[in-house]
A.B. asks: 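Before I ask anything, here is the structure I am working with.
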Amino acid sequence: MQPTLLSLATHETLTALCEMLYLLRPTRNYYGQYSGGINTMSRFQGMSDADKLNDIQILNRALFFENRGVWAYSFAGGKLSTSQVGKTVLELGLQNRADHEKHQDMLRNAISELGGTPVQMEKNYDLSSYINKGQGNVDNDVNIAKLALALEIGAAVGYVSDTTKLKSPYMIELEAGIACIEAIHAARIRAAFNALGIKIPVVPSALISTSDRDTWVIKVDRAA
């Protein structure tokens with residue numbers, strides 16, 4: 001069985017399912033409103049300036065991490081080997097990065113609609129906090145995959161936490177929807193480990209939150 005085919009099928013199937021459920025929900029279609037030209041100003045009627053500022057700050061924090069994620073996949077991708085493992089990790093990285101780039105656009109649009117200024121992408125980002133905790137590294141293919149996993153878990157957990165702080169129901173839906181995709185990315189990376197012969201639970205916990213984050217990451221000193 002080719003790991004790349006398994007990882008691709010996992011990603012496309014789960015992502016399509018998540019998007020289908022989102023589009024079929026009984027509330028108005030957030031993504032459709034973005035693309036359909038419907039007047040979006042009515043979504044924020046009744047929000048105070050303070051509430052708008054609150055949501056802008058939270059969304060900009062999320063955008064910072066999306067920017068970092070796009071950069072990290074590009075940076076780490078250049079350090080992968082041409083082995084089968086390296087090629088598998090690269091394919092995962094390219095597909096995950098494509099989702100993060102879509103998230104960047106969604107967040108930028110949302111911030112602008114709220115009257116804010118989207119944070120700009122930086123040339124370099126610091127990943128030392130993950131590396132120092134042993135949650136990945138850029139010294140070999142497997143550790144790069146572990147680092148990507150830690151970043152995806154951090155993103156999913158962050159979005160889940162942020163949804164409790166947002167004021168706009170539309171922004172809550174947006175960040176909750178993105179959190180689903182970040183969790184899919186994490187499970188997808190863990191599925192790739194299994195496809196490469198390293199047997200670990202794809203979904204190690206029934207919950208993804210700050211309280212069980214450590215059950216999802218894979219430390220550098222572990223066999224996986």
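Any value given below was found using the heavy atoms of this structure, including those in side chains, with hydrogens, waters and symmetry copies removed. Starting from 1, each residue takes its place in the sequence as its number. Keep in mind the model is a prediction, meaning the values are calculated, not measured.
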A.B. asks: Could you measure the distance from the NZ atom of K167 to the CG atom of N54? Nearest 0.5 Å is fine.
C.D. replies: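 That separation rounds to 5.5 Å.
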
A.B. asks: Counting only N and O atoms by type, is there a donor-acceptor contact under 3.5 Å from the side chain of K146 to the main-chain atoms of K219?
C.D. replies: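 The answer is yes, because a donor-acceptor pair under 3.5 Å joins these two groups.
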
A.B. asks: Kindly indicate whether the side chain of W71, heavy atoms from C-beta on, has any atom under 4.5 Å from the side chain of E122.
C.D. replies: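 No, every pair of side-chain atoms sits at 4.5 Å or beyond.
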
A.B. asks: Do S161 side-chain atoms and V157 backbone N/O form a donor-acceptor pair below 3.5 Å?
C.D. replies: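 No; judged by distance alone, with no hydrogens or angles, the pair does not exist.
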
A.B. asks: Set out, in order, the CA-CA distance, both residues' side-chain angles and the distance that settles side-chain contact (heavy atoms from CB on, under 4.5 Å) for E66 and M106, then state yes or no.
C.D. replies: CA-CA 11 Å; E66 290 292 349; M106 293 175 189; over 6 Å; no

A.B. asks: Under the side-chain contact (heavy atoms from CB on, under 4.5 Å) criterion, do I181 and H185 qualify, and how do the steps go?
C.D. replies: CA-CA 6 Å; I181 302 303; H185 287 172; 3.6 Å; yes

A.B. asks: With side-chain contact (heavy atoms from CB on, under 4.5 Å) as the test, pick out the partner of N60 among L107, T117, V119, D55.
C.D. replies: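 The residue from L107, T117, V119, D55 that satisfies side-chain contact (heavy atoms from CB on, under 4.5 Å) with N60 turns out to be V119.
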
A.B. asks: State, to 0.1 Å, how close G86 and L80 come at their nearest heavy-atom pair, and which atoms those are.
C.D. replies: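 Reported closest heavy-atom pair: O-CD1, 3.8 Å.
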
A.B. asks: Have D141 and S83 got a donor and an acceptor in their side chains that come within less than 3.5 Å?
C.D. replies: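 Checked: D141/S83 side chains pair up, N/O donor to acceptor below 3.5 Å.
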
A.B. asks: Using modelled atom types only, decide if a donor and an acceptor are shared between the side chain of S74 and the backbone of V70 within a distance under 3.5 Å.
C.D. replies: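 Yes, the answer is positive, given that a donor and an acceptor are paired below the 3.5 Å cut-off.
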
A.B. asks: Heavy atoms, side chains only, cut-off 4.5 Å: are L147 and N137 in contact?
C.D. replies: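 SC-SC contact between L147 and N137 ruled out.
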
A.B. asks: Measure the NZ-CG distance between K133 and D214 for me, rounded to the nearest 0.5 Å.
C.D. replies: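 It comes to 8.5 Å.
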
A.B. asks: Output the distance between atom CD (E175) and atom OG (S168), rounded to the nearest 0.5 Å.
C.D. replies: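 Atom-to-atom, E175:CD and S168:OG are 10.5 Å apart.
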
A.B. asks: Would you please test L59 and D162 for side-chain contact (heavy atoms from CB on, under 4.5 Å) and show each step?
C.D. replies: CA-CA 9 Å; L59 292 169; D162 278 354; over 6 Å; no

A.B. asks: Under a 3.5 Å threshold, yes or no: a donor from one side chain and an acceptor from the other, between N67 and Q104?
C.D. replies: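 A pair is found: one side chain offers a donor N or O, the other an acceptor, under 3.5 Å apart.
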
A.B. asks: List the atom of I208, the atom of A183, and the distance in Å for their closest heavy-atom pair.
C.D. replies: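 Closest approach of I208 to A183: CD1-CB, 4.1 Å.
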
A.B. asks: Please round to the nearest 0.5 Å and tell me the distance separating atom OH of Y73 and atom CG of D99.
C.D. replies: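 Those atoms lie 9.0 Å apart.
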
A.B. asks: Quick one, R97 and L94 - any side-chain contact, counting heavy atoms below 4.5 Å?
C.D. replies: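 Yes. Closest side-chain heavy atoms under 4.5 Å.
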
A.B. asks: Indicate yes or no: does R108 engage D105 in a salt bridge with an N to O separation below 4.0 Å.
C.D. replies: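 Judged by the 4.0 Å cut-off on N to carboxylate O distance, R108 and D105 do form a salt bridge.
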
A.B. asks: Could you measure the distance from the CD atom of Q120 to the CG atom of L63? Nearest 0.5 Å is fine.
C.D. replies: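 It is 8.5 Å, given to the nearest 0.5 Å.
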
A.B. asks: May I have the step-by-step check of side-chain contact (heavy atoms from CB on, under 4.5 Å) for W216 and R190, ending in yes or no?
C.D. replies: CA-CA 9 Å; W216 283 84; R190 293 179 67 90; 4.0 Å; yes

A.B. asks: Is it true that F75 and Y125 have ring centroids separated by less than 6.0 Å?
C.D. replies: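 No, too far apart.
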
A.B. asks: Quick one, V217 and Y130 - any side-chain contact, counting heavy atoms below 4.5 Å?
C.D. replies: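 Side chain of V217 against side chain of Y130, heavy atoms only: no contact under 4.5 Å found.
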
A.B. asks: With side chains defined as the heavy atoms from C-beta onward, is the minimum distance between L127 and L151 less than 4.5 Å?
C.D. replies: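 Touching, per the 4.5 Å side-chain cut-off.
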
A.B. asks: H103 vs H100 aromatic rings, parallel, tilted or perpendicular, using cut-offs 30° and 60°?
C.D. replies: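 Because their plane-to-plane angle is over 60°, the rings of H103 and H100 count as perpendicular.
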
A.B. asks: Do side-chain atoms of T163 reach the backbone of V160 as a donor and acceptor pair under 3.5 angstrom?
C.D. replies: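 Checked: pair present.
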
A.B. asks: Indicate yes or no for a side-chain donor-acceptor contact from N143 to the backbone of D139 under 3.5 Å, with no hydrogens or angles considered.
C.D. replies: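 It does not hold such a pair.
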
A.B. asks: To the nearest 0.5 Å, how far apart are CD1 in I200 and CD1 in I189?
C.D. replies: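 These two atoms lie 10.0 Å from each other.
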
